[in-house]
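Input: a single structure, listed below in structure tokens.
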Amino acid sequence: MTVVAEMTGVKVLFAHDTEVALNAAAALVNTLDGEEEHLPDLAAVEDFMREWGWTGQRPRTEAELDAVRALRPRLREVWVADEERAVTIVNDLLREFKALPQLAKHDEWDYHIHATPHDAPLAARMAVEAAMAFVDVIRNKELGRLRICAYPTCDDVVVDLSKNRSKRFCDDGCGNKAAVAAYRARKAARTSGSTAVDTSRSD
Ligand SMILES: [Zn+2]
Ligand SMILES: [Zn+2]
């Protein structure tokens with residue numbers, strides 16, 4: 001598989017569960033949108049869990065909500081950290097939440113890693129799943145695929161899983177906004193360009 005990939009020049013990225021975990025971690029980080037809180041209460045956490053396929057124990061306490069929210073800045077730091085710092089964050093998370101990797105197979109999923117028991121607190125499961133995905137990213141020297149949205153006023157984190165590393169914007173509409181801005185800039189440049197021509201003619 002690796003040999004074929006090298007021969008054809010096609011880079012195999014991450015295992016499917018790693019990619020899902022990275023996207024879920026990014027979505028969690030992005031629930032804190034500047035000053036805007038998208039996890040205002042336990043109901044919002046349950047919606048988030050449904051959306052991202054989190055099963056098992058449901059959060060029922062404010063402490064659980066606080067723990068999930070508190071995880072966000074720690075995960076966000078991985079998106080801006082250099083390799084050494086990212087390693088420290090990941091190792092701290094794995095140690096703190098007592099990760100114990102085990103292969104598991106259930107529902108429609110083939111073997112993948114569970115590193116926390118099913119009854120672990122939600123924040124612990126989220127932390128460890130994200131950390132295990134970061135392990136893959138760091139081992140593959142792909143930390144550069146974790147970046148901040150390139151739109152000037154957006155702080156969302158982005159996971160670039162594209163073959164040619166071309167994903168620059170988050171999925172929150174920034175790609176469209178940037179395209180519109182670029183179009184307007186080109187139009188403005190054309191307009192001022194033709195004005196310049198007109199002026200030279202009248203000279
Ligand atoms: Zn599983
Ligand atoms: Zn954005």
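Whatever order the structure lists them in is the order used to number ligands and atoms, beginning at 1. Here, residue 1 is the first one in the sequence, and each next residue gets the next number.
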Handout entry: Basic-acidic side-chain contact under 4.0 Å: Arg95, Asp92
Key = yes
Problem - Euclidean distance, Leu28 CG relative to Phe48 CZ, rounded to 0.5 Å - result: 4.5 Å
Practice task
May I have the angle between His114 NE2 and His106 NE2 with its vertex at the Zn ion (ligand 1), rounded to 10°?
Solution key: 100°
Fill in the blank from the handout: SG (Cys170) to the Zn ion (ligand 2) to SG (Cys154), nearest 10°, is 110°
Exercise for the section: May I ask you to check whether His106 and His114 place their ring centers less than 6.0 Å from one another? Expected result: yes
Handout entry: Atom of His112 closest to the Zn ion (ligand 1), considering N, O or S atoms
Key = NE2
Practice task
Sort out for me which residue in Leu22, Leu94, Ile89 forms a side-chain contact (heavy atoms from CB on, under 4.5 Å) with Phe134.
Solution key: Leu22
